[in-house]
Amino acid sequence: MEMDWQPVWLSLKLASVTTVLLLLIGTPLAWWLSQTRSFFKQPIAAIIALPLVLPSTVLGFYLLLLLGPQGAVGQFMQRLGLDTLPFTFAGLVVASIFYSLPFMVQPLQNAFENLGKKPLEIAATLRASPFDTFMSVVVPLARPGFITGIVLCFAHTIGEFGVILMIGGNIPGETQVLSIAIYDHVEMLEYGQAHILSAGMVLFSFVVLLTLFYMNRRTEVRSR
């Protein structure tokens, strides 16, 4: 039985790129949500959490409309002379960012809120700049939140199906990720290959969650 590794590597590449971008996007967003008392805090938090309750096909459908040739983003890109994003790897990354956003923002927001005001006030009395305070005080103390967000985003992106199918289709070598490849094998009654890929996903998910639990447990013990 010949194993097709391309969907596996494409899934790992997609999860890695998405996680790095979400770390850059989600960190300032989570910090703002943890510190602000703005009227817009709850509506924005609800929008970020939408992928947790919406079927992935619903989110994928509206992203397809938005990013497609008739959508606002698609028309803007065409005016710039660029190709539209659906059925490309870049489109998969954009869709994955929307779909996995709450898995990065919510753990970070909880970690930032649990810090309290005292560490920030001590840093202020030492005349540390906001950037120094964030990098030297907030980031080390919020380490469990960063670890949880990174691990969950990576694992969640690896397992995406509905959004990926709507935005990326099923193009081998371009947009056919692991979950789509499993679906493909089942449709063609190739249960042996589907079983190998599915068992790999189960094992991967178990190892990721076990590692996360051990790391959080270790952090809790150290903080006592």
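Numbering of residues begins at 1 and proceeds along the displayed sequence.
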**Message:** Between Ile48 and Leu33, is there a side-chain heavy-atom distance shorter than 4.5 Å?
**Reply:** yes
**Complete:** With sequence neighbours left out, the residues meeting side-chain contact (heavy atoms from CB on, under 4.5 Å) with Ala72 are Leu66
**Prompt:** What residue among Leu63, Thr175, Val94 forms side chain to side chain contact (heavy atoms under 4.5 Å, CB included) with Ile167?
**Reply:** Leu63
**Prompt:** Taking C-beta and beyond as the side chain, do Leu165 and Thr57 meet within less than 4.5 Å on heavy atoms?
**Reply:** no
**Prompt:** What are the two closest non-hydrogen atoms of Thr84 and Gly68, and how far apart are they?
**Reply:** CG2-C, 4.3 Å
**Prompt:** Mind checking what makes salt bridge (charged side-chain N to carboxylate O under 4.0 Å, His left out) contact with Glu190, not counting sequence neighbours?
**Reply:** none
**Close side-chain approach of Leu120 to Thr133, heavy-atom, < 4.5 Å** = yes
**Message:** Just so I know, are the side chains of Met201 and Ile158 near enough to count as touching, which here means a heavy-atom distance under 4.5 Å?
**Reply:** yes
**Beyond-backbone contact of Pro7 with Ile180, side-chain heavy atoms, under 4.5 angstrom** = no
**Request:** Determine, using the 4.5 Å side-chain heavy-atom cutoff (strictly less than), whether Val17 and Leu101 are members of one ILVMFWY cluster.
**Result:** yes
**Request:** Please confirm whether the backbone N or O of Phe40 pairs with a side-chain atom of Ser38, one donor and one acceptor, at under 3.5 Å?
**Result:** yes
**Message:** Please determine whether residues Phe131 and Leu115 belong to a single hydrophobic cluster, defined as Ile, Leu, Val, Met, Phe, Trp and Tyr linked transitively by side-chain heavy-atom distances below 4.5 Å.
**Reply:** yes
**Asked** Sequence neighbours excluded, which residues qualify as ring-ring contact (aromatic ring centres under 6.0 Å, His included) partners of Phe161?
**Response** Tyr183
**Message:** Working note: Gln176 + Ile171, criterion side-chain contact (heavy atoms from CB on, under 4.5 Å); need CA distance, chi angles, decisive distance, verdict.
**Reply:** CA-CA 5 Å; Gln176 188 189 59; Ile171 306 172; 5.9 Å; no
**Request:** Identify the two heavy atoms, one from Phe146 and one from Thr27, that lie closest to each other, and give their separation to 0.1 Å.
**Result:** CE2-OG1, 3.7 Å
**Prompt:** Hey, is the main chain of Ile122 close enough, under 3.5 Å, to the side chain of Thr125 for a donor-acceptor pair?
**Reply:** yes
**Prompt:** After noting the C-alpha distance and the side-chain angles of Phe134 and Phe112, does the key distance pass the side-chain contact (heavy atoms from CB on, under 4.5 Å) rule?
**Reply:** CA-CA 10 Å; Phe134 188 82; Phe112 292 153; 4.1 Å; yes
**Request:** Give a yes or no answer on whether the side chain of Ser11 reaches the backbone of Leu178 with a donor-acceptor pair at less than 3.5 Å.
**Result:** yes
**Message:** Side chains of Thr88 and Asp83, heavy atoms from C-beta outward: is any pair under 4.5 Å?
**Reply:** no
**Request:** Examine Ile147 and Leu108 and state if one hydrophobic cluster contains both, with Ile, Leu, Val, Met, Phe, Trp and Tyr joined whenever side-chain heavy atoms are less than 4.5 Å apart.
**Result:** no
**Request:** Identify the heavy atoms of Ser136 and Pro140 that sit nearest to each other, and give their distance.
**Result:** O-CG, 3.4 Å
**Request:** Working to the nearest 0.5 Å, report the span between CZ of Phe204 and CG of Leu209.
**Result:** 9.5 Å
**Request:** Taking all non-hydrogen atoms of both residues into account, name the closest pair between Thr19 and Ala15 and its distance.
**Result:** OG1-O, 2.6 Å
**Request:** Dump the intermediate steps for side-chain contact (heavy atoms from CB on, under 4.5 Å) on Val93 and Ser96, then the final yes or no.
**Result:** CA-CA 5 Å; Val93 172; Ser96 298; 5.7 Å; no
**Asked** Any side-chain heavy-atom pair from Thr157 and Phe103 closer than 4.5 angstrom?
**Response** no
**Asked** Any side-chain donor-acceptor pair under 3.5 Å between Glu160 and Ser179?
**Response** no
**Request:** Would you name the heavy atoms of Ser56 and Gly162 that are closest together and state the gap between them?
**Result:** OG-CA, 3.3 Å
**Prompt:** What residue among Val208, Val20, Leu12 forms side chain to side chain contact (heavy atoms under 4.5 Å, CB included) with Phe154?
**Reply:** Leu12
**Request:** Heavy atoms only: give me the nearest Gln78-Pro69 pair and the separation to one decimal.
**Result:** OE1-O, 3.4 Å
**Request:** Tell me whether Ile182 is reachable from Phe206 by hopping between hydrophobic residues (I, L, V, M, F, W, Y) whose side-chain heavy atoms are closer than 4.5 Å.
**Result:** no
**Request:** Would you please test Leu10 and Glu174 for side-chain contact (heavy atoms from CB on, under 4.5 Å) and show each step?
**Result:** CA-CA 8 Å; Leu10 190 61; Glu174 293 285 336; over 6 Å; no
**Request:** Answer yes or no: is there a side-chain heavy-atom contact under 4.5 Å between Gln70 and Gln75?
**Result:** yes
**Asked** Hey, does the side chain of Ser100 reach the backbone of Ile97 with a donor-acceptor pair shorter than 3.5 angstrom?
**Response** no
**Message:** For Lys41 and Gln35, which I'm curious about, is there any donor-acceptor pair between the side chains at under 3.5 Å?
**Reply:** no
**Asked** Do you know which of Asp184, Val8, Val186 makes side chain to side chain contact (heavy atoms under 4.5 Å, CB included) with Leu197?
**Response** Val8
**Item:** Cluster check Leu64, Tyr99: I/L/V/M/F/W/Y, side chain < 4.5 angstrom
**Value:** yes
